[in-house]
2 protein chains.
Amino acid sequence: MLATLKDVARLAGVSVKTVSNVVNGYSFVKPDNRRRVEEALEATGYRPNLGARNLRRGRTGFIALVLPELSIPYFAELAGLVIAAAQDHEWNVLIEQTFGTLAGERSALASLGPHLVDAAILSPEALQVDDFQLPVPAVLLGEHAVDVPISRVGIDNVAAAQAAVRHLISLGHQRIAAIGAHPHRGTAALRLEGYRRALAEASLPFVDELVVPALNYHRADGAAAMRSLLDLRTPPDAVFCFNDLLAIGAMRAAGERFVRVPQDLAVVGFDNNEESVYSSPSLTSVAPDKAAIAQAAVALLHRRVESGDALENVETPFSLQVRESTVAR
Amino acid sequence: MLATLKDVARLAGVSVKTVSNVVNGYSFVKPDNRRRVEEALEATGYRPNLGARNLRRGRTGFIALVLPELSIPYFAELAGLVIAAAQDHEWNVLIEQTFGTLAGERSALASLGPHLVDAAILSPEALQVDDFQLPVPAVLLGEHAVDVPISRVGIDNVAAAQAAVRHLISLGHQRIAAIGAHPHRGTAALRLEGYRRALAEASLPFVDELVVPALNYHRADGAAAMRSLLDLRTPPDAVFCFNDLLAIGAMRAAGERFVRVPQDLAVVGFDNNEESVYSSPSLTSVAPDKAAIAQAAVALLHRRVESGDALENVETPFSLQVRESTVAR
DNA sequence: CTGAAAGCGCTAACAC
DNA sequence: GTGTTAGCGCTTTCAG
């Protein structure tokens, strides 16, 4: 098997403490001993047993990332960035998929014993107030669906949605639909509010039939919603979708009815997936700074775990990426 | 803090051994004791400390999944399925991103001490023979770029590529390009071989200028490759791309030159990403059974870790999904 | 069937 | 500066 601290100590002719000191870079070690230990370390190929170290230190070396599904590009991209950010703090990331269901989210939280992870990053969609009895420090990505005392990292969703709809209005669109309303999702409510404000400031009417709910935010849901909009007596001339997948589905449905984007229908998405840069037409989208979100979330948790800092909310920047789905090339 | 075995034992008035027996479902425990222990378990909300358990058992409870990048849809989808499959074997999954570089892959392997994970699933792109001195049982997804004694799970890449190109030939295409050749990637070599065989069996010539290499397999690489093909004196009438991202990029580049897909140019991809179902036009693609790959890989590792089984190779099924990029609707 | 006790590999008092 | 030693929480002989 692998060498232990004791093996190294024996080989170097010193005690485990000295070896431990060298390995952890503590205090001063007599140069002579240091050299001998380093040679022994090299000779044995010693690698610390993280499990034992963490058991002793009372930490695990892991953080959990709880998200709906890795097959959703936004979360896949985010997960990659969280893993990279966690490395800077010597954390490994454990990914739990909830599939956006309450049961899935509860079971993910339940599996999150304090023995498994030091902290958690959550992207909940269905959790309720009672569920937030977390055994470890946590940070929410996105919005508080309910009012609960947990740190949060994310963009200003109202302002971002407003910017998207303003863009459509500035292009002369008057009958602007929204896809993605959802009764319990905090993020959906805020994006709807941004949509509402942009209409109001341009003195455009808020038309109920133009706001289409979506239970899920997959491409198929966007396509279905778009079809229902195209079936209206007066279809919209533009549509703001609450994420890029909905927008991709909407554009697909439009194409199937020979509705041209952007000439007949302008489309804006949200998330700025890589996919959206290469779609035909490419998709105008609200672009949250995902790297900033990932880094802020991990850094915040690190502060909380290390120094027991208080709750905090971090607002990260966003921008609007204008592409062919609103402005023909 | 949280209750330990000792706390539970004290409360139930028994020894830790008895509690441990109950928790682990071992042997027979006197009904009376069992009841008392169960009550104490309930009262304290006891949750075993995985770190301590694993330290004792000499296992970690984790497997590593080493892949290029989560922002690549194929790997994101696969990762989701591996996580689900690992749950069935009480394993948590640790994802390491290599970004497809040799340095990244080496550092991922190095961090894989036997103390961190029980086993590993690898999707290497650049590793060399010497690198395969793994400290834990491992399984390769995709192909052996080099000849090393490691288990492998994946589809028959030659047959799959051949099926894709046969499909193009059956549609009457004669001048079929290939995008994605790569000097060191085993998978690329096999797909190229399938392409070559399909041409040969139809007595079509193998034309060097129609085979375009791609250093990376991102959308931008597909677009660049397609542009070079469209610049040829006689451009191809069909193109087989070694993954869907290349194909999406190729279709985008074709559209920018007003080349119509599939009328002027038929396109086939590989991987069957969800994205490809909703692109315009939707993309014909070779569809590996990703769930089967994930399950086979995890199950194989479980057998090796538990019973020290020998190396084995598992071949998983695939199918060809025909869509609008080869057959107009 | 159950209890006592050893020890997985590591860190951190506490002595020297 | 360095050695000795006591645990972190758990599983597991080994007695009884």
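Naming: A, B, ... by sequence-line order, numbering from 1 per chain. Given the structure is predicted, the values throughout are model-derived calculations rather than measurements.
- At a threshold of 4.5 Å between non-hydrogen side-chain atoms, the residues F99(A) and P68(A) do not count as touching.
- Rounded to whole angstrom, the span from the CZ atom of R10(A) across to the P atom of dT4(D) amounts to 13 Å.
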Anything under 3.5 Å between a donor and an acceptor, one on a side chain of residues 79-92 of chain B, the other on a protein residue two or more places apart or in another chain? List them.
from, atom 1, to, atom 2, distance (Å)
W91(B), NE1, D118(B), OD2, 3.0

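- Proximity of R304(B) to L300(B): side-chain heavy atoms (C-beta onward) are separated by under 4.5 Å at one or more points.
- Classification of R303(A) and E312(A) as a salt-bridged pair holds, one side-chain N sitting under 4.0 Å from a carboxylate O.
- Using a 4.5 Å heavy-atom cutoff, the side chains of V23(B) and R53(B) are in contact.
- Checking the phosphate oxygens (OP1, OP2) of dG3(C), a side-chain nitrogen or oxygen of T18(B) falls inside 4.0 Å.
- Spacing between atom CZ of R59(B) and atom P of dT12(D) amounts to 12 Å, rounded to whole angstrom units.
- For Y74(A) and Y217(A), the ring centers are positioned 6.0 Å apart or more.
- Distance CZ (R34(B)) to C1' (dC1(C)): 11 Å, rounded to an integer number of Å.
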Quiz item: What is the per-nucleotide protein-contact pattern of nucleotides 5-15 of chain C, from the 5' end, where B denotes a base atom under 4.0 Å from a protein heavy atom, S denotes such proximity for sugar-phosphate atoms only, and - denotes neither?
Solution: -BBBBBBBB--
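- N54(B) comes within 4.0 angstrom of nothing in the nucleic acid, heavy atoms only.
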